[in-house]
A.B. asks: 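Submitted below is the structure of interest, expressed as structure tokens.
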Amino acid sequence: MDSSQLIANLNAINIGDLDVIRGKLEEAREGCLAINQPDLADKLREAVEALDHADLRTYRRRVETVVSKLGHIR
């Protein structure tokens, strides 16, 4: 999965079952690791933790940060 695909997948996460959202975030996290972006993978892990604590503001900021940084490495 390249950075453009990761961006598209992350932007597509809006609403849904929390397990589905966690699965999509994990898929994106693995994709970040595959393209040698461990810092972005950590941000996505933090997003999952924020989601688990119902901290939607932090969750959204972490996802937006990853999308932004992926946009710069395309």
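For the single chain, residues carry numbers from 1 onward in sequence order.
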A.B. asks: Ignoring hydrogens and geometry beyond distance, is a side-chain donor-acceptor pair present between Arg61 and Thr58 at under 3.5 Å?
C.D. replies: yes
A.B. asks: With clusters defined by side-chain heavy atoms of hydrophobic residues (ILVMFWY) lying less than 4.5 Å apart, directly or transitively, does Ile73 cluster with Ile7?
C.D. replies: yes
A.B. asks: With a 4.5 Å limit on heavy-atom distance, are the side chains of Asp39 and Lys43 in contact?
C.D. replies: no
A.B. asks: Could you state the interatomic distance from CD (Glu30) to CG (Leu6), rounded to the nearest 0.5 Å?
C.D. replies: 11.0 Å
A.B. asks: Working note: Arg45 + Asp42, criterion side-chain contact (heavy atoms from CB on, under 4.5 Å); need CA distance, chi angles, decisive distance, verdict.
C.D. replies: CA-CA 5 Å; Arg45 181 189 45 77; Asp42 287 342; 4.2 Å; yes
A.B. asks: For a quick test of reading the model, state the closest non-hydrogen atom pair linking Ala47 to Val63 and the distance between them.
C.D. replies: CB-CG2, 4.0 Å
A.B. asks: Start with the C-alpha distance between Ile35 and Leu40, add both sets of side-chain angles, then the distance that settles side-chain contact (heavy atoms from CB on, under 4.5 Å), and finish with yes or no.
C.D. replies: CA-CA 10 Å; Ile35 62 170; Leu40 298 182; 5.9 Å; no
A.B. asks: Can you name the nearest heavy-atom pair linking Ala41 to Cys32, along with the distance?
C.D. replies: N-CB, 3.9 Å
A.B. asks: Under the salt bridge (Lys or Arg N to Asp or Glu O under 4.0 Å) rule, collect the residues that match up with Glu27, sequence neighbours excluded.
C.D. replies: none
A.B. asks: Is there a side-chain contact between Leu25 and Leu10 in this structure, where contact means two heavy atoms from C-beta onward sitting under 4.5 Å apart?
C.D. replies: yes
A.B. asks: Can you check whether Pro38 reaches Asn36 side chain to side chain, under 4.5 Å on heavy atoms?
C.D. replies: yes
A.B. asks: Checking salt bridge (charged side-chain N to carboxylate O under 4.0 Å, His left out) for the pair Glu26/Arg22: CA distance, chi angles, key distance, verdict?
C.D. replies: CA-CA 6 Å; Glu26 180 58 29; Arg22 280 188 201 96; over 6 Å; no
